[in-house]
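Working notes for the structure below.
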There are 2 protein chains.
Amino acid sequence: MTSQDLISQANGIPEEINGLRMTRQRQEIYKLLMGERSHPTANEVFMRIKESLPNISLATVYNCLEALVQHHIIRQVNFDREPSRYCPNLDEHGHFHDEATGTIHDVKFKPGINLTDILDLPPHTVIKDVEITLRGQLAFS
Amino acid sequence: MTSQDLISQANGIPEEINGLRMTRQRQEIYKLLMGERSHPTANEVFMRIKESLPNISLATVYNCLEALVQHHIIRQVNFDREPSRYCPNLDEHGHFHDEATGTIHDVKFKPGINLTDILDLPPHTVIKDVEITLRGQLAFS
DNA sequence: GCAGAAAATTAGAATCATTCCGAATTGTAT
DNA sequence: ATACAATTCGGAATGATTCTAATTTTCTGC
Ligand SMILES: [Mn+2]
Ligand SMILES: [Mn+2]
Ligand SMILES: [Zn+2]
Ligand SMILES: [Zn+2]
């Protein structure tokens, strides 16, 4: 029974995901992202995570987020040149940025749609990643 | 016959586009973008534009690019957190980033495709802008 | 053409999200 | 326990972009 075991037992997150050891800091950050679903920035994560980890550093928040992204546990989302945001939704989806409220909404693709079907790609192209971003407003109903 | 007239006559770009007065600096930058089509960064524009405008400043390059974007004469393109790139293609299109060469290719949509058709958007949504980005490689033929 | 007024350009300083660094701590394997 | 590796941490450095204030250019009535 290592201390790592105890940490994992306490919050229900396994001690390793996709080959990444889930330290206390990584677990708490991952748990926060799963709970909020608001696509927070690194700094927003930093401010909110202090409740559970008062001594964590901003550098560690960046380290953890990068590790989680690298191991495909979360996704990094960029809007223009704004600070990066982080998303725990691993399903293929796009992001709608509501300019009125500043909120970000996940956007699913309609079933049966294959993105490469609608694009006129050069031949012999291997696509590793697709990103779809929308900006606009939720109109009055 | 103002000096502005003379500048425009010399390079075939009108003295005003979309309500933006096309100064010498704006004209040369626009001409460079139209000619190269390589989606250069602000700094790449700065380095290349010195051939025609040896005394231009980097601040002016940023100012001009922003003015051209604001007046919908060119588009600003972002890949993750890399420096912004600039694109003179005003047709609706996406961007394919070839990781092998670092080059960026415009990607057309297949005819008759309406992007909002394939997305499961929240109701009463007004989309102002859509961005599609692809990363991958051109495979051996 | 000539005096403002307005707009554009410029060099350099400031900003700020992110990355880097080196030291301290923690975890793992033997 | 000891040795080695990985992680965390505070603070410094980075770098694309923006800001500022001074200068230059252009425009708008006369
Ligand atoms: Mn963008
Ligand atoms: Mn991106
Ligand atoms: Zn998302
Ligand atoms: Zn383009």
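Per chain, numbering begins at 1; letters A, B, ... match sequence-line order.
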is_close_aromatic(His95(B), His93(B)), centroid dist under 6.0 Å
yes

Rounding to an integer number of Å, can you tell me how far [X] [atom1] sits from [N] [atom2]?
X	N	atom1	atom2	answer
Gln27(A)	dG27(C)	CD	C1'	14 Å
Lys50(A)	dG10(D)	NZ	C1'	13 Å
Leu65(A)	dA17(C)	CG	P	15 Å
Ile56(B)	dA11(C)	CD1	C1'	13 Å
Arg26(A)	dG27(C)	CZ	C1'	12 Å
Leu53(A)	dT25(C)	CG	C1'	15 Å
Gln70(A)	dT19(C)	CD	P	10 Å
Asn55(B)	dT25(D)	CG	C1'	15 Å

Short side-chain N/O contact to [N] OP1/OP2 from [X], under 4.0 Å:
X	N	value
Gln25(B)	dT25(D)	no
Arg24(A)	dT26(C)	no
Thr60(B)	dT10(C)	yes

Between the protein and nucleotides 13-20 of chain D, which nitrogen or oxygen pairs come in under 3.5 angstrom?
| from | atom 1 | to | atom 2 | distance (Å) |
| --- | --- | --- | --- | --- |
| dT17(D) | OP1 | Arg81(A) | NE | 3.3 |
| dT17(D) | OP1 | Ser84(B) | N | 2.8 |
| dT17(D) | OP1 | Ser84(B) | OG | 3.3 |
| dT17(D) | OP2 | Tyr62(B) | OH | 2.5 |

Ignoring hydrogens and angles, tell me if any N or O in the side chain of Arg81(A) forms a donor-acceptor pair with the backbone of Glu82(B) under 3.5 Å.
yes

Look only at the side chain of Gln70(A) and the backbone of Ala67(A), and say whether a donor-acceptor pair between them is shorter than 3.5 Å.
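No, the answer is negative, given that no donor and acceptor are paired below the 3.5 Å cut-off.
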
Kindly calculate the angle separating the two end axes of the helix from dG1(C)-dC30(D) to dT30(C)-dA1(D), each obtained from five base pairs, and round it to 10 degrees.
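What I find for the helix from dG1(C)-dC30(D) to dT30(C)-dA1(D) is an axis angle of 40°.
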
Could you check whether Asp120(B) pairs with Lys108(A) (Lys NZ or Arg NE/NH1/NH2 to Asp/Glu carboxylate O, under 4.0 Å)?
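The answer is no: the pair does not qualify as a salt bridge.
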
Counting C-beta onward and ignoring hydrogens, is there a side-chain heavy-atom pair between [X] and [Y] closer than 4.5 Å?
X	Y	answer
Gln76(A)	Tyr86(A)	yes
Arg75(A)	Asn89(A)	no
Pro83(B)	Asn43(B)	no
Leu121(B)	Leu134(A)	yes

Euclidean distance, Ile73(A) CD1 relative to Asn18(A) CG, rounded to 0.5 Å:
5.0 Å

I need the minimum non-hydrogen distance between Ile113(B) and Lys110(B), along with the two atoms involved.
CG1-O, 3.1 Å

I want to verify a distance call: between dA7(C), dT7(D), dC9(D), whose nearest atom is closest to the Arg21(B) side chain?
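That would be dA7(C).
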
Stepwise side-chain contact (heavy atoms from CB on, under 4.5 Å) check, Met47(B) with Val61(B):
CA-CA 10 Å; Met47(B) 292 186 301; Val61(B) 173; over 6 Å; no

Could you list all N or O pairs between the protein and nucleotides 22-24 of chain D that sit under 3.5 Å apart?
none

How far apart are the C-alpha atoms of Thr60(A) and Leu53(A), what are their side-chain angles, what is the distance that settles it, and do they pass the side-chain contact (heavy atoms from CB on, under 4.5 Å) test?
CA-CA 11 Å; Thr60(A) 296; Leu53(A) 296 170; over 6 Å; no

